[in-house]
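Accompanying notes for the structure given below.
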Amino acid sequence: MLLNGKGTRIRAIFKGYDMALYTQSKVTTPEALLALPGPKKLQFTALREFSGTEIGRLFIKAMGDNSSKELVQKHSLASLRLIEIFSGQPKLSPGDSFSMEFVPGKGTTFYILNKPQGAPVGDAEFFGMVMRIWVGP
């Protein structure tokens, strides 16, 4: 996969994490990214300490803020799995990594410290909900 973009999440003046997006080919618009077939990966590196519960809660809130109620409801089981995975992690320290990798036909696998956290969940639509946290309106 190719590095398609990267950035740092800053809230107020505090840096939260660095993030990188990997795709099979480069795209330049949110619409092209969401329509792009094939595997995709979001890689994060913590820049401050986070509790796992805090990360899960923030991601779920952001998915709800950026997707329709119907879509959120449709993918509630995959979203619950995301919460379970991160809530099982007491904390992430600066420099710790976590990622989400979508593989067509398999779903999204969550990794913490480069270790897979159970079986893949969801489909391309679910991973699109995750990506809408950072891309799109």
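These numbers were taken from a predicted model, which means no experiment stands behind them.
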Trace of the side chain to side chain contact (heavy atoms under 4.5 Å, CB included) decision for Thr8 with Leu47: CA-CA 9 Å; Thr8 300; Leu47 299 175; 3.7 Å; yes

Would you give the length of the straight line joining atom CE of Met131 to atom CG of Asn66, rounded to the nearest 0.5 angstrom? 12.5 Å

In Å, rounded to the nearest 0.5 Å, how long is the span from OG1 of Thr23 to CG of Leu42? 10.5 Å

Between Lys26 and Leu3 (side chain of the first, backbone of the second, donor and acceptor by atom type, cut-off under 3.5 Å), is there such a pair? yes

Any donor-acceptor N/O pair, Ser76 side chain to Gln73 backbone, under 3.5 Å: yes

On a heavy-atom basis, the closest approach of Ala46 and Ser93 is CB-O, 3.5 Å

How far apart are the closest heavy atoms of Val130 and Met100, and which atoms are they? CG1-SD, 3.5 Å

Of all heavy-atom pairs between Thr109 and Gly118, which one has the smallest distance, and what is that distance? CG2-O, 4.2 Å

Look at the side-chain heavy atoms of Ile, Leu, Val, Met, Phe, Trp and Tyr, link any pair under 4.5 Å apart, and say whether Met19 and Leu36 land in one connected group. yes

Lys6 side, atom NZ; Leu21 side, atom CG - distance, nearest 0.5 Å: 12.5 Å

Hydrophobic cluster membership, Leu33 vs Val103, 4.5 Å side-chain cutoff: no

Just verifying a value: how many Å separate Ile55 CD1 and Ile85 CD1, rounded to the nearest 0.5 Å? 12.0 Å

Check the orientation of Phe98 and Phe59. Use parallel for under 30°, tilted for 30 to 60°, and perpendicular for over 60°. tilted

Does Leu71 form a side chain to side chain contact (heavy atoms under 4.5 Å, CB included) with Arg132? I'd like the steps, not just the answer. CA-CA 12 Å; Leu71 202 57; Arg132 280 187 196 91; 4.0 Å; yes

For the residue pair Phe126 and His75, does the interplanar ring angle fall in the parallel (under 30°), tilted (30 to 60°) or perpendicular (over 60°) class? tilted

Say whether Tyr22 and Val135 are linked into one hydrophobic cluster, either directly or through other cluster members, by side-chain heavy-atom distances under 4.5 angstrom. no

hydrophobic_cluster_shared for Ile60 and Val121, side chain cutoff 4.5 Å: yes

Hey, could you give me the CG/CG distance between Leu92 and Leu113, rounded to the nearest 0.5 Å? 6.5 Å

Heavy-atom closest pair, residues Pro90 and Gly88: CD-O, 3.5 Å

Verify the cluster assignment for Leu58 and Ile133: are they in a single hydrophobic cluster under the rule of side-chain heavy atoms below 4.5 Å apart? no

Nearest heavy-atom pair of Ile10 and Lys15: which atoms, and what distance? CG1-CG, 4.0 Å

Leu77 CG: over 12 foreign heavy atoms closer than 6.0 Å: no

Ring geometry between Phe44 and Trp134 (parallel below 30°, tilted from 30 to 60°, perpendicular above 60°): tilted

When rounded to the nearest 0.5 angstrom, what is the spacing between CZ in Phe86 and CD in Glu54? 12.0 Å

Met1 to Glu101 - nearest heavy-atom pair and separation: CE-OE2, 3.3 Å

